[in-house]
Participant: 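Let me begin by handing over the structure; questions about it come next.
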Amino acid sequence: MASSMRSLLSDHSRYVEAFRLFLENSTEHQCMLEFIEKKLPGIISSIGNGKSAINILSVGGGSGEIDLQILSKVQGKYPGVTISNEVIEPSGEQILSYKERVATTPNLENIKFTWHKETSSEYKSRMNEKKVFKKWDFIHMIQMLYYVKDIPATIKYFHGLLEAKAKLLIILVSGTSGWARLWKKYGPRLPLNDLCLYVSSADIKEQLTTIGLKYQVYELPSTMDITNCFIKGNKEGELLMDFLTETCDFSKTSSLDLKNEIMEELKKPECSEEKDGKVFFNNNLSAIVIEP
Ligand SMILES: C[S@@+](CC[C@H](N)C(=O)[O-])C[C@H]1O[C@@H](n2cnc3c(N)ncnc32)[C@H](O)[C@@H]1O
């Protein structure tokens with residue numbers, strides 16, 4: 001790894017800009033929304049049976065965009081039932097956006113929101129200290145396990161908090177995605193950061209089998225248009241390259257060899273598909289549903 005390369009996460013504003021561009025150029029949220037629309041109602045079909053209140057825990061809820069879609073499906077399935085939605089989220093900025101979103105979204109009257117500004121492991125320690133073992137009807141961890149140090153321990157802990165008919169939903173990049181391919185091949189040559197782990201659904205499935213938990217997997221097809229990455233000096237392309245490699249200013253700080261190799265790799269069918277003169281990176285996600 002060239003010593004000048006540093007993690008994109010070390011430059012928060014560049015990370016936020018790259019992430020926004022990623023959302024604009026990918027079907028990331030669309031494919032999650034389709035899953036929530038078509039599959040989630042079946043998955044949550046028994047979590048609230050016979051209950052007067054439903055308890056939901058969102059781990060790494062971000063700005064709440066996906067959370068509110070999930071909540072609307074729970075409301076649809078259990079009309080009139082009170083919902084308590086608690087959010088574990090370490091970023092104050094994200095919590096602020098979440099609160100603003102809640103304030104401007106109609107029909108949330110029967111939902112009580114609580115935010116905990118902390119990481120999942122801080123939440124676990126705090127609850128263990130207080131000897132609180134609150135149980136939940138639905139827990140979800142969407143695109144956040146990359147930032148957790150001990151993934152098996154985290155899954156085990158939250159799985160232990162499930163009610164008898166509850167479900168734990170994990171969404172992260174698929175083991176068949178271009179991400180998994182890129183990380184496996186080039187992860188060791190990119191700036192390692194103990195804040196972000198290169199994990200895919202393939203790793204999580206392996207860990208779940210080791211822990212002995214039962215699960216079901218849904219594949220969520222998704223793409224990201226990375227055509228601009230191949231246009232020399234294109235600013236958007238450079239930012240997307242930063243996002244793909246999790247490296248700040250990748251095109252200026254990487255060695256020429258590594259840059260050429262990665263650009264070549266990105267065009268391979270294991271990573272992307274070329275269509276109508278555009279290059280679409282495989283951004284497939286997996287949704288893993290775990291039973292109590
Ligand atoms: C990529 S975002 C996903 C947000 C949201 N779930 C979504 O899919 O739109 C990841 C979120 O996890 C949060 N996060 C990072 N480390 C965390 C941790 N250790 N525990 C809980 N949340 C964490 C980040 O602050 C961020 O809001």
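Model, not experiment: these values are computed from the prediction. Order of appearance sets the numbers: ligands from 1, and atoms from 1 within every ligand.
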Participant: At less than 4.0 angstrom from any non-hydrogen atom of H29, what atoms of ligand 1 do you find?
Facilitator: 9 (O)
Participant: Check this for me: does any side-chain nitrogen of one of E24 and R20 sit under 4.0 Å from a carboxylate oxygen of the other?
Facilitator: yes
Participant: Can you tell me the protein heavy atom closest to atom 19 (N) of ligand 1 and the distance?
Facilitator: T119 CB, 3.5 Å
Participant: What orientation do Y146 and W183 show, parallel under 30°, tilted 30 to 60°, or perpendicular over 60°?
Facilitator: perpendicular
Participant: Is it the case that ligand 1 has an N or O less than 3.5 angstrom from some N or O of V148?
Facilitator: no
Participant: Regarding K268 and E265, does a basic nitrogen lie under 4.0 Å from an acidic carboxylate oxygen?
Facilitator: yes
Participant: For the aromatic rings, using the six-membered ring if either is Trp, is the centroid distance between W136 and F138 under 6.0 Å?
Facilitator: no
Participant: Going by heavy-atom distance to atom 14 (N) of ligand 1, choose the closest among S58, S91, G92, P90.
Facilitator: P90
Participant: Looking at R126 and E118, is there a salt bridge between them, counting it only when a charged N and a carboxylate O are closer than 4.0 Å?
Facilitator: yes
Participant: From the options E89, E118, M144, H140, select the one whose nearest heavy atom is closest to atom 26 (C) of ligand 1.
Facilitator: E89
Participant: Do me a favour and list the nearest non-hydrogen protein atom to atom 4 (C) of ligand 1 with residue, atom name and distance?
Facilitator: G60 O, 3.5 Å
Participant: With a cut-off of 4.0 Å, which atoms of ligand 1 are near a heavy atom of G62?
Facilitator: 4 (C), 27 (O)
Participant: Among all protein heavy atoms, pick out the one at the shortest distance from atom 3 (C) of ligand 1; state its residue, atom name and that distance to 0.1 Å.
Facilitator: I142 O, 3.6 Å
Participant: May I ask whether Q143 places a heavy atom under 4.0 Å from ligand 1?
Facilitator: yes
Participant: Please assess K51 against E163 for the test salt bridge (Lys or Arg N to Asp or Glu O under 4.0 Å), listing each intermediate value before the final yes or no.
Facilitator: CA-CA 11 Å; K51 299 207 159 206; E163 287 280 15; 3.5 Å; yes
Participant: Just say parallel, tilted or perpendicular for the rings of Y15 and F243, cut-offs at 30° and 60°.
Facilitator: tilted
Participant: Among protein heavy atoms, which lies nearest atom 20 (N) of ligand 1, and at what distance?
Facilitator: S120 N, 2.9 Å
Participant: I'd like to check which ligand 1 atoms, numbered from 1 as shown, lie under 4.0 Å from a non-hydrogen atom of Y147.
Facilitator: 10 (C), 15 (C), 16 (N), 19 (N)
Participant: Taking the six-membered ring of F113 as reference, does the cationic atom of K99 (NZ for Lys, CZ for Arg) lie under 6.0 Å from its centre and within 45° of its axis?
Facilitator: no
